[in-house]
Protein chains: 2
Amino acid sequence: MGSAERKEREKHEMREMILAAAKKLFIKEGFEHVTIRRIAEEIEYSPATVYLYFADKDTILCALQELGFRDLFKRQQVLSAIKNPAEKLRACGKIYMNFAMENQEWYDLMFIMRAPMKAFESPADWNLGKDTYEVLQSIIIDCIDQGYLKAKDPQIACFSLWSLMHGVVSIFIRDRAPMIPKEHQEQVINGILDFTMSELLDK
Amino acid sequence: MGSAERKEREKHEMREMILAAAKKLFIKEGFEHVTIRRIAEEIEYSPATVYLYFADKDTILCALQELGFRDLFKRQQVLSAIKNPAEKLRACGKIYMNFAMENQEWYDLMFIMRAPMKAFESPADWNLGKDTYEVLQSIIIDCIDQGYLKAKDPQIACFSLWSLMHGVVSIFIRDRAPMIPKEHQEQVINGILDFTMSELLDK
DNA sequence: TTAGTTACTAAACGTTGTTCACAAAAAAGA
DNA sequence: TCTTTTTTGTGAACAACGTTTAGTAACTAA
């Protein structure tokens, strides 16, 4: 009877193996090489076995997405060392866009790709992104409270700034800015941060 | 010998047929139903025939993309009736985001999807998007010249505003904003326009 | 009429994600 | 211990996809 919990442990370990294989393929060979067959090959089981532990491919991608959110959230932690809300806001934007440009495929998976979202049953499963979003949210509220930002609606301000950052990096990642050569992308990102901060903030 | 030009005309007509079929499928059944096999079925030829007129699927999608850019550019024409640059800027943003939200799959094809970009040989083939981008560009220059906007670099200002608009709609289109229910999306878009205009413009 | 070019297609290739009938192994019950 | 049941894993297949190739049919030119 006590074997029930061992079974569950083994099941969990197998799931971890599959995710580890998927992650390895994702990092080493890129998204398009993350196929059920390659994952199966990697863990030395048959493709059909994968389906005993995950409903479908999207569910696996969804789990990978979670790892990305954890990484991003981790990077945001350094923000707590910055006291000035305006500086903090700038640093937050910088961290976000750096993450995106340094891990373009992860960012793509997290914020652009269709696939992993199909696995989202309800908006309740948003705990991942929620944490990272709330970091920005609280910074903006601080900015408003301390008079750096004169926005009426903090929610709109927050969503606007997120949209701006997402817009920039997703245009680059999906190659929609031929007017900006690759080697200038980073300085454009800095230029946009400067522009936003100087146009937006009062002090 | 005079049949040479007839041949070419027939070749052109066939290409048009294929594009028309692709467009029809795209509009009526959505992107994922635009397959070479379905296109072939639609024009009553075999799949292999399609490859006599187009190098690959991406080239076809690229041509569809062009139609989208034409539509967007056409919508922008009403802007010439607006004289005040600030009003014009707002209207431009509204037109852009309305286009995106009303034709989500077209917008996706134009600005998000990976596929059609692979067919772009060189950044020189950007004439399509260039026209629509220059509309925004000239409005912003007018805003700066007439003192509505105090940006140092118009290029950065232009790219920032495009990024903002693209960011908003692409977050919605790719379902990354579970904190905003679908029925609120339009008012958020208006809120962002208000926020941007009031924070950015001086008069 | 014949030789040569062009237009077209059936069939196949190599991929996907996914399912299912079945075998092997492990666990539970007698 | 022997038998029954449940779990765990797989080979083979299905239905799609984009694409290629070998070969046929039709038109063109001499």
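It should be emphasised that the depicted structure is a prediction, and the values quoted were computed from it without experimental measurement. Atoms considered below: every heavy atom in the structure, side chains included; atoms not considered: hydrogens, waters and symmetry mates. Each chain gets a letter, A, B and so on, in the order the sequences are listed, and its residues count up from 1.
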Scan nucleotides 17-19 of chain C against the protein and return all N/O pairs shorter than 3.5 Å with their distances rounded to 0.1 Å.
unit_1: dG17(C); atom_1: OP1; unit_2: K57(A); atom_2: NZ; d: 2.9
unit_1: dG17(C); atom_1: OP2; unit_2: I36(A); atom_2: N; d: 3.3
unit_1: dG17(C); atom_1: N7; unit_2: R37(A); atom_2: NH1; d: 2.6
unit_1: dG17(C); atom_1: O6; unit_2: R37(A); atom_2: NH2; d: 3.0
unit_1: dT18(C); atom_1: OP2; unit_2: Y51(A); atom_2: OH; d: 2.7
unit_1: dT18(C); atom_1: OP2; unit_2: K57(A); atom_2: N; d: 2.9
unit_1: dT18(C); atom_1: O5'; unit_2: Y51(A); atom_2: OH; d: 3.2

Please output the side-chain donor-acceptor pairs of residues 33-40 of chain A that fall under 3.5 Å, not counting sequence neighbours, one pair per line with the distance.
unit_1: H33(A); atom_1: ND1; unit_2: E29(A); atom_2: O; d: 2.7
unit_1: T35(A); atom_1: OG1; unit_2: R38(A); atom_2: N; d: 3.1
unit_1: R38(A); atom_1: NH2; unit_2: E29(A); atom_2: OE1; d: 3.1
unit_1: R38(A); atom_1: NH2; unit_2: E29(A); atom_2: OE2; d: 2.5

Less than 3.5 Å apart, any donor N or O on the side chain of N84(B) or Y148(B) sitting next to an acceptor on the other? yes

In whole angstroms, the gap separating P of dC8(C) from CD1 of I39(B) amounts to 16 Å

Mind calculating the distance between CZ (R38(A)) and C1' (dG14(C)) to the nearest angstrom? 15 Å

Going by atom type alone, with no hydrogens or angles, which donor-acceptor pairs under 3.5 Å involve a side-chain atom of residues 12-24 of chain B and a protein atom two or more places apart or on another chain?
unit_1: R15(B); atom_1: NH1; unit_2: Y53(B); atom_2: O; d: 2.8
unit_1: K24(B); atom_1: NZ; unit_2: E42(B); atom_2: OE2; d: 2.7

Could you go through residues 58-68 of chain B and list every donor-acceptor pair under 3.5 Å that involves a side-chain atom there, pairing it with any protein atom two or more places apart or in another chain?
unit_1: T59(B); atom_1: OG1; unit_2: D56(B); atom_2: OD1; d: 2.7
unit_1: Q65(B); atom_1: NE2; unit_2: L109(B); atom_2: O; d: 3.1
unit_1: Q65(B); atom_1: NE2; unit_2: M110(B); atom_2: O; d: 3.3
unit_1: E66(B); atom_1: OE2; unit_2: R70(B); atom_2: NH2; d: 2.7

Presence of T49(A) side-chain N/O under 4.0 Å of dT10(D) phosphate oxygens OP1/OP2: yes

Ion pair present between D175(B) and K118(A), side-chain N to carboxylate O less than 4.0 angstrom? no

Rounding to a whole Å, what distance do you find between K11(A):NZ and dT6(D):P? 15 Å

Applying ring pair (Phe, Tyr, Trp, His ring centres under 6.0 Å), name anything that partners F99(A), two or more places apart in sequence or on another chain. none

Which stems does DNA chain D form, counting runs of 3 or more consecutive Watson-Crick or G-U wobble pairs with both distances under 3.5 Å? C:1-30 with D:1-30

Indicate every side-chain donor-acceptor pair of residues 88-98 of chain B with a distance under 3.5 Å to a residue at least two apart or in another chain.
unit_1: R90(B); atom_1: NH2; unit_2: D194(B); atom_2: OD1; d: 2.1
unit_1: K94(B); atom_1: NZ; unit_2: N190(B); atom_2: OD1; d: 2.6
unit_1: Y96(B); atom_1: OH; unit_2: Y107(B); atom_2: OH; d: 2.7
unit_1: Y96(B); atom_1: OH; unit_2: W162(B); atom_2: NE1; d: 2.9

For F54(B), which contact category applies under a 4.0 Å heavy-atom criterion: base, sugar-phosphate, or nothing? nothing

Output the rounded distance in Å from CG (L25(B)) to C1' (dA16(D)). 16 Å

Check side chain to side chain donor-acceptor pair (under 3.5 Å) between D108(A) and all other residues, then give those that pass, not counting sequence neighbours. R174(A), R114(B)

Listed by chain and number, what are the side chain to side chain donor-acceptor pair (under 3.5 Å) partners of Q155(A), not counting sequence neighbours? Q137(A)

Could you check which residues of residues 12-23 of chain A get a heavy atom under 4.0 Å from DNA chain D? Sort them by number, please. none

For S170(B), check side chain to side chain donor-acceptor pair (under 3.5 Å) against everything at least two apart and list the hits. H166(A)

Rounded to the nearest angstrom, tell me the gap between atom CD1 in I43(B) and atom P in dC8(C). 9 Å

Integer-rounded Å distance: dT10(D) P and L52(A) CG: 9 Å

Calculate the interatomic distance between E44(A) atom CD and dT8(D) atom C1'; express it in whole Å. 17 Å

Who pairs with S138(A) by side-chain contact (heavy atoms from CB on, under 4.5 Å), at least two apart in sequence or on another chain? none

Quick one: E10(A) CD to dA25(C) C1', roughly how many Å, whole number? 12 Å

